[in-house]
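Down below is the structure, laid out as structure tokens.
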Protein chains: 2
Amino acid sequence: MTEPIRIKDIAERVGVSSGTVDRVIHKRGQVSAVLREKIERVMKEMGYEPNIAARTLAHNQKRLSIAAILPDYRTDPYWEQPKEGVERAAESVRHYGAMVEFYFFPIFEPKTFLITVSQALDAQPDAVLVAPLFLQEAQVLFAACAQRNIPIVLINTQIEDDDELTYIGQDSYQSGVLAGRLLNFGLTDGDHAMLVNLDKEVASARHLQEKERGFKDFFNGVEKKSVTIHTAVQEDFDDPVQLKTWAEEQITLHPQLKGFFVTNSRAYKLVEALSPVFLQKAKIVGFDLIAPNLKLLEAGKIQFLINQNAWQQGYYGILTIVNRLIFKKETQRILYLPLDIIVKENVEYYLKGNLQSPIMVV
Amino acid sequence: MTEPIRIKDIAERVGVSSGTVDRVIHKRGQVSAVLREKIERVMKEMGYEPNIAARTLAHNQKRLSIAAILPDYRTDPYWEQPKEGVERAAESVRHYGAMVEFYFFPIFEPKTFLITVSQALDAQPDAVLVAPLFLQEAQVLFAACAQRNIPIVLINTQIEDDDELTYIGQDSYQSGVLAGRLLNFGLTDGDHAMLVNLDKEVASARHLQEKERGFKDFFNGVEKKSVTIHTAVQEDFDDPVQLKTWAEEQITLHPQLKGFFVTNSRAYKLVEALSPVFLQKAKIVGFDLIAPNLKLLEAGKIQFLINQNAWQQGYYGILTIVNRLIFKKETQRILYLPLDIIVKENVEYYLKGNLQSPIMVV
DNA sequence: TTAGATTCCGTGTACGCACACGGAATTTTT
DNA sequence: AAAAATTCCGTGTGCGTACACGGAATCTAA
């Protein structure tokens, strides 16, 4: 193995001190143009790559505080996963001087979200990780971060923007297409299928719209069977009685209904609202490996779950920030996590956050 | 954030020098029992965790050479993936003084495998990564490694042994069960399905046996449809004409045949041997994201591919070794990688080795 | 031309850990 | 009891990088 090239090697080759090379590397100026170019050339020639361990060690007096603004995990089991991913990542990077402060907001309250945001910003974080559920209110946060010049990483909900936003999560459209494919496997010609939004403010929820678009596009595509698609929204998913009534209505209305695609992690609520008899023939595709869903997957009452990798969204979100601000690495603007297809036979591999051993980005 | 505890902090608290604490940490003796216990106690109390960056930096005069003994990737596209995973990992850990030397052997030649092994061992590696395709011959390698007291990591083929072997790969039995589940989705009552081994020396290939067992167990289980299962072995898979003849025989023999489970990455060879007409109705489940399979998945001629994560097998294999020997971390004996279900709608996420940014285990 | 301002570059120290070296304290031997 | 051997522990240095500090060289202004 060839010995790694050090700053010192570059310096000696050029005939300057290591401090000068360092200034070039960090673009800290104070170096004449001639010398700078020469040093840059020699660095390329010799293939210099910084020693991360040494860099980290030298850096380690620096402290990095990250604000994680997430929906309250106590109001919705889905949000436990990003939280745990963030916690795990925080643990991994603690040694490098990064710390994470959580700020939780109630899942359906845009106004409280704004209050939470201002609390987070008051603490003067160096970076922000956020699940920007509310399009309007998120803009306020984006503006504030742009003004303070601190990087911001979005998870779960993708919002395009002029600023330097990073998104980590799923491709919602594609997940809708995939759901179509999976339902299609289980259905036969003439069946009806229904896309169900068990959510609030669906019209303004970008990711739900995208899923619907993808789902419909699949069945308009070439490979589909002749399946009729319905769509429905039910905002009162927290009231079992009402949900049951609603579900039975749908079934009577569409007797050919054989398949459901629930666009978020609440497939279990739909299953609970459907009669056991009906369930025997029904095919259900949902999202996310949360406990109530897993139970029904195991019982054969949910056929497929698409894993949104919520845990990884949190984990990679933090790692991305640390990579940028501590290791000063280039990071990608958009990281689409895989759309894992989960059945009971492979579910166990996706439960522990996929990363059995702590992983550190270098 | 609480400041990280350093060796120095421990030393001051106990009233000794950092050198003494260091000797306790590394169990290098030269410390009285009383003091040792006291230091160990204080370390726990204060929750000492070594600074990986500093440790790595201090360690860095050490060199670690790893021998990677793999089937020749030129004879079988499957083996490109582990090779690339190993290469990527090698790149990530180069800074830490680890280097990987490849040793390739022809995929069906046990004798050449032995020669390759002795070549690898002649180079005096500090650790070995191997795909032990040949049960008998692998024992020779295990013995040699045990004698030299160097750790060995197995990928792809799991072999139990008394020695301290580490296995990274799939759970073959479970992948068979999963294949059963997937085929079951596409078949209807009364259909026949066939498990096809396009391989040589199947009887002594542990992982193929396990897949078969899992597949059959699924259809003997509760949730299955009434599907009749056949199994077949075809060793002359490299001769298209012969394979075609054989395939047509099977179809005439079993007119109800609607589904195939190919137990390795050669599903594409079966597809090429089947008539287009027959393929329109056939359901095919295979393994691995190699180019010819991907093309057929895209074309809708293969319904499902199960991803064996061959890339990751190589990647995590190297990382495990580095974790053990450089970072001195505990590593797990068995790492079962996920059994990803791949359809054309989610295939793209699994192609780039899943790790877009270089990742280092710490 | 000289003092002052500015640009440019070298030196030194710290980061936390690993380990070699040697000195002090204790035990064993003479 | 003195010498030798052994156990035990502290000190010092290096790993490669980041950055503060200050000195030397060059440039500007009087």
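Protein chains get the first letters and strands the later ones, always in sequence-line order, with residue 1 at the start of each.
B:D9 places its CG atom 11 Å from the P atom of C:dC15, with the value rounded to the nearest Å. The nearest whole Å value for the distance from the NE2 atom in A:H26 to the P atom in D:dA20 is 12 Å. The distance between atom CG of B:L57 and atom C1' of D:dT17, rounded to the nearest whole Å, is 8 Å. The nearest whole Å value for the distance from the NZ atom in B:K27 to the P atom in C:dC19 is 14 Å. Atom-to-atom, CD1 of A:I52 to P of D:dC15 comes out at 19 Å; the value is rounded to the nearest Å. Spacing between atom CD1 of B:I25 and atom P of C:dC17 amounts to 7 Å, rounded to whole angstrom units. Straight-line distance from the CZ atom of B:R36 to the C1' atom of D:dC8: 13 Å, rounded to whole Å. The CD1-C1' distance, from B:I7 to C:dC17, rounds to 5 Å in whole Å.
With the nearest nucleotide of DNA chain D identified for both A:R28 and A:R6, A:R6 has the one nearer the 5' end. When the nearest nucleotides of DNA chain C are assigned to A:G19 and A:A33 by heavy-atom distance, the more 5′-ward of the two goes with A:A33.
A:T20 places no side-chain N or O within donor-acceptor distance of the main-chain N or O of A:V16, the cut-off being under 3.5 Å. Judged by distance alone, with hydrogens and angles left aside, the side-chain atoms of A:E40 form no donor-acceptor pair with the main-chain N or O of A:I25 at under 3.5 Å. Under a 3.5 Å cut-off, the side chain of B:N309 and the backbone N or O of B:Q312 do not form any donor-acceptor pair. Proximity of a side-chain donor or acceptor of A:D9 to a complementary backbone N or O of A:R6 within less than 3.5 Å is detected. No donor-acceptor pair under 3.5 Å is formed between the side chain of A:R88 and the backbone N or O of A:Y315. No side-chain donor-acceptor contact under 3.5 Å links A:R36 to the backbone of A:V21.
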Point to revise | Contact state string [nucleotides 21-27 of chain C, B base, S sugar-phosphate only, - no protein heavy atom under 4.0 Å] | key: -------
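Among the heavy atoms of the strands lying under 4.0 Å from B:L35 are primed sugar atoms or P, OP1, OP2 only; no base atom is included. B:N51 comes within 4.0 angstrom of sugar-phosphate atoms only, judged by non-hydrogen atoms across all strands, and of no base.
Contact between the side-chain N/O atoms of A:S32 and the OP1/OP2 oxygens of C:dT7 is not found at any separation under 4.0 Å. For A:Y48, no side-chain nitrogen or oxygen approaches OP1 or OP2 of D:dG16 to under 4.0 Å. Phosphate proximity of C:dC9 to A:T20: absent, as no side-chain N or O sits under 4.0 Å from OP1 or OP2.
Distance from the side chain of B:V16 is smallest for D:dG10 among the nucleotides D:dC15, D:dG10, C:dC15. Minimum atom distance to the side chain of B:S18 is reached by D:dT11, of the listed D:dA18, D:dT11, C:dC17. Comparing D:dT17, C:dG10, C:dC17 against the side chain of A:S17 picks out C:dG10 as the nearest.
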Practice item. Test salt bridge (charged side-chain N to carboxylate O under 4.0 Å, His left out) on A:E45 and A:R41 and set out the steps. Key: CA-CA 6 Å; A:E45 276 175 23; A:R41 190 165 45 76; 3.2 Å; yes
Review point. Passes ring-ring contact (aromatic ring centres under 6.0 Å, His included), A:Y103 versus A:F105? Steps please.
Key: CA-CA 7 Å; A:Y103 299 90; A:F105 60 90; over 10 Å; no
